[in-house]
Amino acid sequence: MWMQIIVKEYKAKRIVNKHKHLDPWFWTQYSAHPYIGCAHGCEYCYTREEKYTPYANPADFARIIKVKANAPTLLRKELPLSPKGLIGVGDWQPLEKRYRLSKRMLQICLDREFPVFILEKSDLVLKDLNILRRMISRDITVITGFSIITTRDDKTRRLFEPGAPSVKNRFNAMRKFAKAGLYTGTALMPALPYIYDNEENLEAVIQETKNNGGQYVLVGSLTLASKQREWFFEALRRYDPKLLEKYELLYENNTAYAPHPHYIANLGRRVERLCQEYGLSDRIPRPIPPDHPLAFNLRVAEILYDRAYRLTLKGITGFREFALRKAGRIVDAQSKNLLEVLEKEGRAGLRAIHGIGPKLSVEIESAIKEAQGLRD
């Protein structure tokens, strides 16, 4: 262990968090995690932000770990109350060796046949590969991924991920997941500006993902807010103080939450191109049960979400991008098959849906036709 950890056990009131909106990156509708704080201690982690962390001192995020001792009991009680949808579950940080709460939660998802999404920095998750194998053998959706931002030597990487397992171990776990038949890949999130966002590093991560059986690479830019910003800038000073001025410009003189849209677009385009070269996806395909009564609608919504993302790669943000994401959420919420609505009522039937105006009805009609072509 890279530092002394203070462990505080407590009984949580609830464990399942229902997202306000579907996450179009990972397709999760819920999350359930047994620990607060993380001993991996990544300097860039967004959960050091004030709205996420319960600690006044951002250093305590990696020093004090709160353990939800009753997490499995709560999950067993709450899952039956939630309509089935992908749940981001577990946390295989070092304390999992002692408590095994994530294992028990995963077993409950297996018992309830509840689809899961797992994103990890730790190869400790391999201890529960047998449960994941049983899930996919029963046709329960399992999506996995590993947070990997560089393939550089661990001396460099440990400056930003001081308590995390080596990248080599993460790729080894990915390879074993892939051999077991699990859908897996890499979340290159965040690609640290001027550090890990260069072409050499992006291609190396994508190539290693391909070599180890991964099927996708997602990329995201670094966000900076509140105490997390202050904390990361201190790490940046230790790494290379000359970068501070570049960051201040990129993040609008130290006031913006995200980098300039043109930076985000350029980063996404480069990863899109490299993924195409290596035969990988830069998005996770939406998992849709074939027997879902509104499977067609879900596919239409996926197309709309993807169009919104592709707009950001063109540097187009604002109302148009938001409108497409909004359309995706509206389509997801419909109780009628939109193909049937279009065939019976035409575009007027789409405009009759609350929140859909003339322009969005055209976009939805186009997405319906695209989804129909994929189905046929």
Side-chain angles (χ1 to χ4, degrees), residues 1-3 5 26 35 38-45 62 90-98 100 102-103 106 117-133 142-220 222 235 238-240 270-271 274-275 277-282 284:
M1 187 70 66
W2 65 283
M3 67 183 299
I5 299 297
F26 306 124
Y35 309 108
C38 181
H40 292 155
C42 298
E43 306 285 11
Y44 52 76
C45 187
D91 182 355
W92 281 263
Q93 63 172 290
L95 278 179
E96 178 65 12
K97 293 180 181 178
R98 183 198 310 180
R100 302 303 276 131
S102 298
K103 176 184 180 179
L106 205 56
F117 172 79
I118 294 172
L119 179 62
E120 267 303 313
K121 268 194 174 71
S122 175
D123 56 333
L124 184 61
V125 69
L126 285 173
K127 287 184 175 291
D128 300 323
L129 179 55
N130 60 326
I131 299 177
L132 297 173
R133 282 197 183 104
V142 177
I143 297 176
T144 67
F146 291 87
S147 174
I148 298 171
I149 61 174
T150 183
T151 59
R152 290 187 181 180
D153 66 276
D154 264 8
K155 182 178 180 181
T156 300
R157 193 269 310 166
R158 282 200 300 269
L159 294 173
F160 297 102
E161 299 178 343
S166 70
V167 171
K168 180 180 178 181
N169 285 356
R170 287 178 239 177
F171 275 125
N172 177 60
M174 182 187 295
R175 184 172 65 255
K176 291 181 178 180
F177 271 20
K179 286 184 176 180
L182 293 167
Y183 186 82
T184 191
T186 293
L188 205 171
M189 297 176 166
L192 300 181
Y194 312 115
I195 302 172
Y196 297 140
D197 63 346
N198 58 78
E199 196 78 2
E200 180 184 4
N201 184 67
L202 296 179
E203 182 167 10
V205 171
I206 290 169
Q207 185 176 41
E208 280 301 294
T209 300
K210 177 72 172 183
N211 292 344
N212 287 281
Q215 294 173 269
Y216 67 86
V217 174
L218 307 181
V219 70
L222 175 71
R238 294 193 298 272
Y239 175 75
D240 184 354
R270 287 187 289 146
V271 169
L274 287 167
C275 281
E277 289 180 10
Y278 283 89
L280 301 180
S281 174
D282 65 340
I284 295 175

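We count residues from 1, following the sequence as given. Here the structure is a predicted model, which means the values were calculated and not measured.
- Of all heavy-atom pairs between Ile5 and Ala62, the closest is CD1-O, 3.1 Å.
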Requested in this report: Kindly determine whether Val217 and Tyr278 satisfy side-chain contact (heavy atoms from CB on, under 4.5 Å), including the steps that lead there.
Outcome: CA-CA 11 Å; Val217 174; Tyr278 283 89; over 6 Å; no
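- Once rounded to the nearest 0.5 Å, the distance linking CG of Leu126 with CG of Asn172 reads 6.5 Å.
- Note that the CD atom of Glu43 and the CZ atom of Arg158 stand 13.5 Å from one another [nearest 0.5 Å].
- A heavy-atom distance below 4.5 Å is found between the side chains of His40 and Pro94.
- The two residues Leu274 and Glu199 make their nearest non-hydrogen contact at CD1-OE2, 4.0 Å.
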**Report entry** Criterion side-chain contact (heavy atoms from CB on, under 4.5 Å) on Val271 and Leu202, from CA distance to verdict
**Finding:** CA-CA 7 Å; Val271 169; Leu202 296 179; 4.2 Å; yes
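- With values rounded to the nearest 0.5 angstrom, Leu188 atom CG is found 10.0 Å from Asp197 atom CG.
- Here the CG atom belonging to Leu182 is positioned 6.0 Å from the CG atom belonging to Leu129, to the nearest 0.5 angstrom.
- Distance check, rounded to the nearest 0.5 Å: CG of Leu280 to CD of Gln207 gives 10.5 Å.
- Side-chain atoms of Glu161 and Ile149, non-hydrogen and from C-beta on, do get closer than 4.5 Å to each other.
- For Val142 against Thr144, the heavy-atom pair with the smallest separation is CG1-CG2, 3.8 Å.
- For Thr151 and Glu208, the side-chain atoms include no donor-acceptor pair closer than 3.5 Å.
- For the pair Phe160 and Tyr44, the tightest heavy-atom approach, listed with the atom from each and the gap, is O-CE2, 3.8 Å.
- The side-chain heavy atoms of Arg170 and Glu120, taken from C-beta on, include no pair separated by under 4.5 Å.
- The two residues Asn198 and Arg270 have their closest heavy-atom pair at C-NH1, 3.9 Å.
- Rounded to the nearest 0.5 angstrom, Leu124 CG and Lys97 NZ are separated by 6.5 Å.
- Side-chain contact of Asp91 with Gln93: a donor-acceptor pair under 3.5 Å is present, judged by distance alone.
- The shortest heavy-atom contact between Ser166 and Arg157 is CA-NH2, 3.4 Å.
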Query - Criterion side-chain contact (heavy atoms from CB on, under 4.5 Å) on Leu159 and Arg238, from CA distance to verdict - result: CA-CA 9 Å; Leu159 294 173; Arg238 294 193 298 272; over 6 Å; no
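- Contact check for Phe177 versus Val125: side-chain heavy atoms found under the 4.5 Å cut-off.
- Phe171 is listed as a side-chain neighbour of Ile148, based on a closest heavy-atom distance under 4.5 Å.
- Side-chain contact check for Ile118 versus Leu106: some heavy-atom pair is nearer than 4.5 Å.
- In this structure, the side chains of Tyr196 and Val205 stay at 4.5 Å or more apart for every pair of heavy atoms.
- By the 4.5 Å heavy-atom criterion applied to side chains, Lys127 and Trp92 are not counted as neighbours.
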